[in-house]
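Report on the following structure.
Convention: sequence-line order gives letters A, B, ...; per-chain numbering from 1. As the structure is a computational prediction, the values presented were derived from the model and not from experiment.
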Amino acid sequence: MTKYQRVPGTRDIFGPDMQRFNAVTQVFCRVGCRFGFEEVATPLFEDTAVFAKSLGEATDVVGKEMYTFDDRGGDSITLRPEYTAGIARAYLSNGWQQHIPLKLMAYGAMFRYERPQKGRFRQFHQIDAEILGTPEPQADVELISFAAMLLDELGLGDKVVLNLNTLGDGESRSAYRSSLVAYFTAHKASLSSDSLDRLEKNPLRILDSKDLGDQALVMDAPIIDSSLSQTAGVFFERLTQALDALNIQYVRNPRLVRGLDYYSHTAFEFITTHLGAQGTVIGGGRYDGLIEQMGGSHTPSVGWAGGIERLAMLIEEPAMVSDSIVMVPTGEAAMLAAFGVVQSLRKAGFRVEQGFSGNLKKRMAKANAMNAKVALILGDSELEQGVIAVKDLSTAEQKLVRLSELETALSTYR
RNA sequence: GCGGUUGUAGCUCAAUUGGUUAGAGCGCUGGUUUGUGGUACCAGAGGUUGCGGGUUCAAUCCCCGUCAUCCGCCCCA
């Protein structure tokens, strides 16, 4: 057995897994670009306070899932557990107010100390999109339609359902919160122990409890709509109208809540039933108060994040493409000459591979195994005549080509 | 943090109620006469049965512990 093991919850991504992973990020960047999002890269770690304050001290992410440590200078550092807080910090640090409305996209690694499970890792990767500095529901619409188009182009249109809710503005939210607390406190006796906890920390979370007893209670719990302020109601109305106009299907889920404290108004999740307990594939919402709370001026914003691993698990395996050309030299002199030929083909933009060992037969077998399109065979007799054998591996046709005309002969394989 | 599942070759899996030298397929290496791939055939390498302890004449198999894995709770992407 090998001495070293992966740290639990981490993965080594290779081969088909890597292709799936790349397929997700590539489609993400392509679609985001069409919407005018600009790519941004922020640090993998931040001052601990950046996350602790913004996500909410009582949330599980902050309370028990962060990778936090003191660096050699004695500062408390945290590996990013999510994107938004770091991006908000970057916005403040760099004075990006000047670019409002700022449409940003990013992807990269996140770290959360959780029990690993299907679709849940300790180091995982997210794609992320944010629009900073716009109070209008149009921004929410654009973000949701970005996500929907992304899922569509990944071929997941019918595997995923958009759940939509509003948490209202601050006023509505605290009104709703107290009516929920009143309701559940009255039924305290029949709540699960988990939910008794939630009643203290985050009563909204009781709404999506999986406990059957809780769910029965939740059926009759008050819903947000009755606590919604007029402005919050209008905001949500305008959002849903636009989604209807764009023909984006959604399910109104009044029990959809979000785990992080900074959300308000719009909350949404794209959910699948194909991944066991980890159904949320993209989730996000509006966070009008976050940047102000972090010391900036009032900067209403929206955003979402998607789990790359989860998306990668759902998509069809990308077709293996190989357009490569393989050089097969035989004999010492040819081996040396082959290097030069390979180099000039590569400079000309061809994808050329070259084995390092084996006789002609082995090299041909290798070329075949890597699904190459053409083999270039170069031996002593070819060298003498200044030619090279070009063999199409799918048709098995082979012809001699002058070395000087090789590039044009290969132009169809570029 | 709580509950359960599984751990045998690089990979996917076998091995009768505990019983000789732990097998197969794929992959890998070499070969089936000179410089031509896919198919077929032959041969070979590769294992401290996760690790540690216990029961037994005898443990891959039973028991305990431990590590890892996967699944559920929790939480979230």
Rounded to the nearest Å, what distance is computed from the CG atom of residue A:Asp60 to the P atom of nucleotide B:rG1? 13 Å

Within this structure, what is the NZ-OG distance for the pair A:Lys201 and A:Ser195, rounded to the nearest 0.5 Å? 12.0 Å

Over how many whole Å does the gap from A:Met66 atom CE to B:rG1 atom P extend? 17 Å

Taking the P atom of each, how far is B:rA68 from B:rA77, in whole Å? 26 Å

Run the side-chain donor-acceptor check on residues 216-228 of chain A: report pairs under 3.5 Å with partners two or more places apart or on a different chain.
from     : atom 1 : to       : atom 2 : distance (Å)
A:Asp225 : OD1    : A:Arg252 : NH2    : 2.9
A:Asp225 : OD2    : A:Arg252 : NH1    : 3.1
A:Ser226 : OG     : A:Ile223 : O      : 2.9

For A:Ala389, report the nucleic acid contact type (base, sugar-phosphate, nothing); a contact means any heavy atom under 4.0 Å. nothing

Contact class for A:Ala367 vs. all strands (heavy atom < 4.0 Å): base, sugar-phosphate, or nothing? nothing

Shortest side-chain distance from A:Ser381, nucleotide among B:rG35, B:rC75, B:rU32: B:rG35

Would you indicate which nucleotide in B:rA68, B:rU36, B:rG35 comes nearest to any side-chain atom of A:Met364? B:rU36

Distance from A:Leu164 atom CG to A:Leu243 atom CG, nearest 0.5 Å? 6.5 Å

Using a 4.5 Å cut-off on heavy atoms from C-beta on, say whether the side chain of A:Val374 contacts that of A:Lys391. no

Grab the two heavy atoms, one from A:Ile291 and one from A:Ser301, that are nearest each other, plus how far apart they are. CD1-OG, 4.2 Å

Counting the atoms with a prime plus P, OP1 and OP2 as sugar-phosphate, which does A:Asp128 contact under 4.0 Å by heavy atoms, base, sugar-phosphate, or nothing? nothing

Could you measure between the two P atoms, the one in B:rC61 and the one in B:rG54, and give it in whole Å? 14 Å

Taking the side chain as every heavy atom from C-beta outward, state whether A:Leu156 and A:Ile315 have any atom pair closer than 4.5 Å. yes

Counting any heavy atom closer than 4.0 Å, what does A:Glu309 reach on the DNA or RNA strands: base, sugar-phosphate only, or nothing? nothing

When you get a sec, tell me which of B:rU36, B:rC75, B:rA77 is the closest nucleotide to the side chain of A:Glu65? B:rC75

Rounded to whole angstrom, note down the C1' distance from B:rA58 over to B:rU17. 15 Å

Distance-only side-chain donor-acceptor flag, A:Glu171 / A:Tyr176, under 3.5 Å: no

Looking across every strand, which nucleic acid part, if any, lies under 4.0 Å from A:Pro8 by heavy atom: base, sugar-phosphate, or nothing? sugar-phosphate

Defining pairs by Watson-Crick or G-U wobble geometry with both distances under 3.5 Å, how would you list the stems of RNA chain B with at least three pairs each? B:1-4 with B:70-73, B:10-13 with B:23-26, B:28-32 with B:40-44, B:50-54 with B:62-66

A:Lys210 side chain, from C-beta outward: closest of B:rG37, B:rC73, B:rG35: B:rC73

Nearest-Å distance once atom C1' is located in both B:rC71 and B:rC51: 24 Å

Considering just the side-chain nitrogens and oxygens of A:Lys391, establish if one lies under 4.0 Å of OP1 or OP2 belonging to B:rU36. no

Base of B:rG35, side chain of A:Gln398 - is there a donor-acceptor contact under 3.5 Å? no

Please confirm whether any donor atom in the side chain of A:Arg112 sits under 3.5 Å from an acceptor in the base of B:rA77, or the reverse. yes

Listed pairs, N/O of protein and of nucleotides 25-30 of chain B, under 3.5 Å:
none

How many whole angstroms separate atom CG of A:Asp380 from atom C1' of B:rU34? 13 Å

Looking at the side chain of A:Lys118, which of B:rG72, B:rG37, B:rC75 is the nearest nucleotide? B:rG72

Taking B:rU49 as the reference, what is the distance to B:rU20 when you measure between their P atoms (whole Å, please)? 15 Å

Roughly, in whole Å, what's the span from CZ in A:Phe14 to P in B:rG10? 17 Å

Pick the P atom in B:rG38 and in B:rU33, then give their distance to the nearest Å. 14 Å

Are OP1 or OP2 of B:rC70 and a side-chain N or O of A:Arg115 less than 4.0 angstrom apart? no

Nearest-Å distance once atom P is located in both B:rU16 and B:rC63: 16 Å

Spacing of A:Arg122 atom CZ relative to B:rG1 atom P, expressed in whole Å: 8 Å

Whole-Å distance separating the NZ atom of A:Lys64 from the P atom of B:rG1: 10 Å

Base, sugar-phosphate alone, or nothing: which one does A:Phe121 contact when heavy atoms must sit under 4.0 Å apart? base

If you check every side-chain atom of A:Ile377, which of B:rC74, B:rG35, B:rG37 has the closest atom? B:rG35

With A:Lys103, which of A:Glu38, A:Glu39, A:Glu142 fulfils salt bridge (Lys or Arg N to Asp or Glu O under 4.0 Å)? A:Glu142

Of the listed B:rC75, B:rG37, B:rA77, the closest approach to the A:Ala305 side chain comes from B:rA77

Nearest-nucleotide wise, let me know which of A:Val61 and A:Gly9 is further upstream toward the 5' end of RNA chain B. A:Gly9

Interatomic distance where CG belongs to A:Asp197 and P belongs to B:rC73 [whole Å]: 17 Å

In whole Å, measure the gap between the P atoms of B:rG47 and B:rG37 for me. 32 Å

Where the side chain of A:Pro116 is concerned, which of B:rU36, B:rC74, B:rC70 is the nearest nucleotide? B:rC70

At under 4.0 Å between heavy atoms, what does A:Gly119 touch on the DNA or RNA strands: base, sugar-phosphate, or nothing? base

Cation-aromatic face contact A:Arg122/A:Tyr113, 6.0 Å, 45 degrees: yes

Ring pair (Phe, Tyr, Trp, His ring centres under 6.0 Å), that's the test. Do A:His125 and A:Tyr107 meet it? Break it down for me. CA-CA 7 Å; A:His125 299 79; A:Tyr107 68 91; 8.8 Å; no

So, for A:Phe146 and A:Trp304, is the gap between ring centers shorter than 6.0 Å? yes

side-chain N/O A:Gln117 vs B:rG72 OP1/OP2, d < 4.0 Å: yes

For RNA chain B, whose closest nucleotide is more 5', that of A:Ala396 or that of A:Phe124? A:Ala396

Separation of atom CG in A:Leu400 from atom P in B:rU36, rounded to whole Å: 15 Å

Do A:Ser192 and A:Gln215 make a side-chain contact, defined as non-hydrogen atoms from C-beta onward lying under 4.5 Å apart? no

Look at the aromatic rings of A:His187 and A:Tyr183 and report parallel, tilted or perpendicular, splitting at 30° and 60°. tilted

Just checking A:Thr59: base, sugar-phosphate only, or nothing, at a heavy-atom cut-off of under 4.0 Å? nothing

Checking side-chain polar atoms at under 3.5 Å, does A:Asp169 have a donor or acceptor matched by the opposite partner on A:Ser264? no

What nucleic acid atoms does A:Arg6 come within less than 4.0 Å of, heavy atoms only: base, sugar-phosphate, or nothing? nothing

For a quick check of understanding: with a heavy-atom distance under 4.0 Å over all strands, which category does A:Ile282 fall into, base, sugar-phosphate or nothing? sugar-phosphate

